Amino acid sequence: MEKERLAEYLEQYHMGALNAATSRELELTFGIKGIQLRHMVNALRRDGVPIASNGSGYFYAATDQEVRATIAHLTRRISGIAAAIRGLDRTLEREDTAQTRLPLDGGDTP
């Protein structure tokens, strides 16, 4: 399967943070789009394959610290997404409140 090929490639050619491969490089190497690459990386991580990433790209983690750094990065992303959801929820709450407070002008009363 394609994701296994990606894992093998990263392990062979991109071991450790200093050897990170850019998303674009991997997209061209495997003939895939960025979204497909992200899905494959996510699936590998869920399977327990230590695919790490940093500002330079993706790589096969060579140390526990590289895995921990990737976990920390993902945790910050989760926190940011959760904050965005809370903000959007507040928007809905304001709209719901505004709808229930519409003034009645009495013009439609018989």
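All figures in this text were calculated on a predicted structure; none of them were measured in a lab.
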Problem - Any donor-acceptor pair under 3.5 Å from D47 side chain to V49 backbone - result: no

Practice task
Please confirm whether the backbone N or O of L37 pairs with a side-chain atom of E27, one donor and one acceptor, at under 3.5 Å?
Solution key: no

Nearest-0.5 Å distance that lies between atom [atom1] in [X] and atom [atom2] in [Y]:
| X | Y | atom1 | atom2 | result |
| --- | --- | --- | --- | --- |
| L10 | L6 | CG | CG | 4.5 Å |
| H39 | L44 | NE2 | CG | 13.0 Å |
| S23 | I35 | OG | CD1 | 10.0 Å |
| L26 | Y13 | CG | OH | 13.0 Å |
| R94 | D89 | CZ | CG | 11.0 Å |

Testing the basics here: between [X] and [Y], what is the closest heavy-atom pair and its distance to 0.1 Å?
| X | Y | result |
| --- | --- | --- |
| H14 | N19 | ND1-O, 2.6 Å |
| E66 | A52 | O-CB, 4.0 Å |
| S53 | Y58 | CB-CD2, 3.8 Å |
| A7 | I51 | CA-CD1, 4.5 Å |

Exercise for the section: Would you please say whether a donor-acceptor pair under 3.5 Å links the side chains of E25 and T29? Expected result: no

Practice task
Determine whether the side chains of R38 and N42 contain a donor N or O and an acceptor N or O closer than 3.5 Å.
Solution key: no

Practice task
Hey, can you tell me if F30 and Y9 have their rings parallel, tilted or perpendicular (30° and 60° cut-offs)?
Solution key: perpendicular

Practice task
Answer yes when R90 and E93 have at least one side-chain N-carboxylate O distance shorter than 4.0 Å, and no when they do not.
Solution key: no

Handout entry: E8/R5 ion pair, N-O < 4.0 Å
Key = no

Problem - From CA spacing to verdict: side-chain contact (heavy atoms from CB on, under 4.5 Å), M15, Y60 - result: CA-CA 5 Å; M15 178 66 74; Y60 200 96; 3.7 Å; yes

Practice task
Please indicate whether L28 has more than 12 foreign heavy atoms, meaning atoms of other residues, nucleotides or ligands, lying under 6.0 Å from its CG.
Solution key: yes

